[in-house]
Amino acid sequence: MVLIFRTLFAVKELKKPRSYLRSKFIDSVRLHVKGGTGGTGLPKFGGLGGQGGCVYCVGKEDANLRNIMGKFRGKTITAGHGEDSRKTKIVGTPGADVKLEVPLGITVYRDDGKVLGSIDKEDDTVIIARGGPGGTPETNFLGHFGQVHHIRLDLKLIADIGLVGFPNAGKSSLLKAISRAKPKIANYPFTTIKPNKGIIFYEDLRQISIADLPGLIEGAHVNVGLGHSFLKHVERTKLLLFIADVQGFQLNPKYPIRSCLETILLLNKELELYDDELLQKPAVLAVNKMDLPGSEEILKNIKEAYRDVKTILQNVPEDLRPNKVIAFEDIIGISALKRGESIAELKNILRKRLDEYADENDPNIVHPSKFLQQTRAMIRERGSKVT
Ligand SMILES: Nc1nc2c(ncn2[C@@H]2O[C@H](COP(=O)(O)OP(=O)(O)OP(=O)(O)O)[C@@H](O)[C@H]2O)c(=O)[nH]1
Ligand SMILES: [Mg+2]
């Protein structure tokens, strides 16, 4: 009897998916790749060996790292070997290439940290292991081995807007209100444990992508909560949309109660600790849950505080102070739950700010401040002096 139960239990255990397949979100995969070996030449006839095949990555919108991991984990991905030169075929056929379809937003790293390339658009290609050349008179007709590497595919979501906020602030509710995405929403922290992407549609068919990330809390830099691990996904966004609960946040009774303004400053600080370059991105602040009583007053105070950044820093405890306070382009009150006018207004603001960002980064458009700088530099180069 015991034996039967043990056997049944063992079979059940075997059926469980492997732990790496059970994990929720995969944004990094390590692979072993090998280029094909070049074919041997034929000295008698001056025959050339075929070139070894290459392993390369190609960007595809619908590819995902989970499939790659399931297929190639623990294996070596090897391209075809070049054909040897023969009497009947003097030039050997090159080895077959291996094409690995990867999602957009991938950066390919070699084990020594060297970046081999990145894939941002559909059909972008990066060679990850080159095949060895075939044998020629210069190489004594001997084919060479192909490259062998351990590589890491690191995914950073590509979205126009990245949502940053404390847990429970309403990030997923906003994503749902503003796009057709259907994220999980619940009244407890860390409902979202993997990034979600949605598309905001406009009447004139313009589309803007927005990424909802797991909540960030104070101490994320020392791995409190889900830590900083998901912040890399905002690196490739063009605009940061901060979302704060008008009523503030308290993780549990052991943690201090943080007011709405304090949560905003703490987010600011966590981003700074992760990578202060993120603070250069244009940022919009949405204060959420404006349907709750007393929220107008809180929003008014926040807007007031951001009019003079220096006073904000004076009035908050030292442990909440970031070095550089983000100058939000806009501060707006919204209700992701009740939706209405505020969501439509936010949609317009986001679009406007992204258009400005696009203009600023367009090399064909010269802005007045840049124009003055460029003119001065030009005149200086010619030896004249401008004052
Ligand atoms: N009253 C009110 N409640 C809201 C509003 N927006 C969201 N909520 C509620 O706040 C709770 C948290 O919402 P979520 O959208 O899951 O919050 P989140 O920021 O995605 O949370 P995490 O995924 O845990 O980081 C839910 O119970 C929502 O119904 C709002 O505008 N007003
Ligand atoms: Mg969420």
Side-chain angles (χ1 to χ4, degrees), residues 24-25 27 157 159 161-200 209-221 223-234 237 240-253 255 257-268 270-271 274 283-300 302 330-347 349-350:
K24 297 283 182 213
F25 183 68
D27 56 8
L157 288 184
I161 302 169
L163 270 173
V164 187
F166 264 57
N168 226 32
K171 298 177 296 299
S172 306
S173 306
L174 176 64
L175 180 76
K176 192 176 167 197
I178 214 167
S179 72
R180 290 178 199 166
K182 293 186 183 75
K184 187 174 173 194
I185 295 166
N187 195 12
Y188 54 81
F190 302 114
T191 310
T192 305
I193 49 169
K194 65 180 180 101
N196 295 310
K197 219 166 108 176
I199 307 283
I200 312 175
S209 54
I210 179 164
D212 170 26
L213 300 177
L216 207 64
I217 51 174
E218 57 186 300
H221 64 284
N223 245 353
V224 181
L226 293 176
H228 275 166
S229 51
F230 292 102
L231 262 184
K232 69 172 185 175
H233 294 291
V234 294
T237 58
L240 300 180
L241 174 56
F242 283 71
I243 201 177
D245 185 332
V246 71
Q247 300 214 312
F249 179 75
Q250 185 182 28
L251 183 59
N252 64 43
Y255 280 78
I257 301 173
R258 298 298 189 194
S259 71
C260 183
L261 178 61
E262 285 172 345
T263 60
I264 300 164
L265 290 169
L266 281 165
L267 285 173
N268 188 156
E270 287 300 335
L271 253 64
Y274 174 76
V284 170
L285 170 63
V287 176
N288 190 29
K289 311 197 185 178
M290 288 301 290
D291 51 291
L292 297 177
S295 44
E296 285 301 336
E297 187 66 21
I298 300 172
L299 178 64
K300 202 176 116 210
I302 290 172
D330 306 86
I331 299 179
I332 171 178
I334 59 162
S335 171
L337 198 67
K338 299 268 152 39
R339 304 184 180 192
E341 272 297 291
S342 64
I343 298 296
E345 196 187 338
L346 179 65
K347 264 175 91 169
I349 288 177
L350 294 175

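Read the numbers this way: they start at 1 and go in the same order the structure lists the ligands and their atoms. Just so you know, residue 1 is the first one in the sequence shown, and it goes up from there. Computed from heavy atoms alone, side chains included, the values below leave out hydrogens, waters and symmetry copies.
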* Under the criterion side-chain contact (heavy atoms from CB on, under 4.5 Å), which of Leu226, Leu266, Thr263, Leu267 is the partner of Leu216? -> Leu267
* To do: Let me know which protein residues bring a heavy atom to under 4.0 Å of ligand 1; chain then number is fine for ordering.
  => Phe166, Pro167, Asn168, Ala169, Gly170, Lys171, Ser172, Ser173, Ile185, Ala186, Asn187, Tyr188, Pro189, Phe190, Thr191, Thr192, Gly215, Asn288, Lys289, Asp291, Leu292, Ser335, Ala336, Leu337
* Structure fact -> Rounded to the nearest 0.5 Å, the NZ atom of Lys171 sits from the CG atom of Asn196 at a distance of 11.0 Å
* Taking everything shown except Ile199 itself, do over 12 heavy atoms lie less than 6.0 Å from its CD1? -> yes
* Asked: With sequence neighbours excluded, what pairs up with Glu218 under the side-chain hydrogen bond (donor to acceptor under 3.5 Å, both in side chains) test?
  -> Arg258
* Shortest non-hydrogen contact from Pro183 to Asp212? -> CB-OD2, 4.4 Å
* Asked: N/O/S atom of Ser172 under 2.8 Å from the Mg ion (ligand 2), yes or no?
  -> yes
* To do: Indicate the ring-plane relationship of Tyr274 and His228, choosing parallel, tilted or perpendicular according to the 30° and 60° boundaries.
  => perpendicular
* To do: Flag the pair Asp245 and Lys289 as a salt bridge only when some basic side-chain nitrogen lies within less than 4.0 angstrom of an acidic carboxylate oxygen.
  => yes
* Asked: the Mg ion (ligand 2) to Thr192: any N/O/S contact under 2.8 Å?
  -> yes
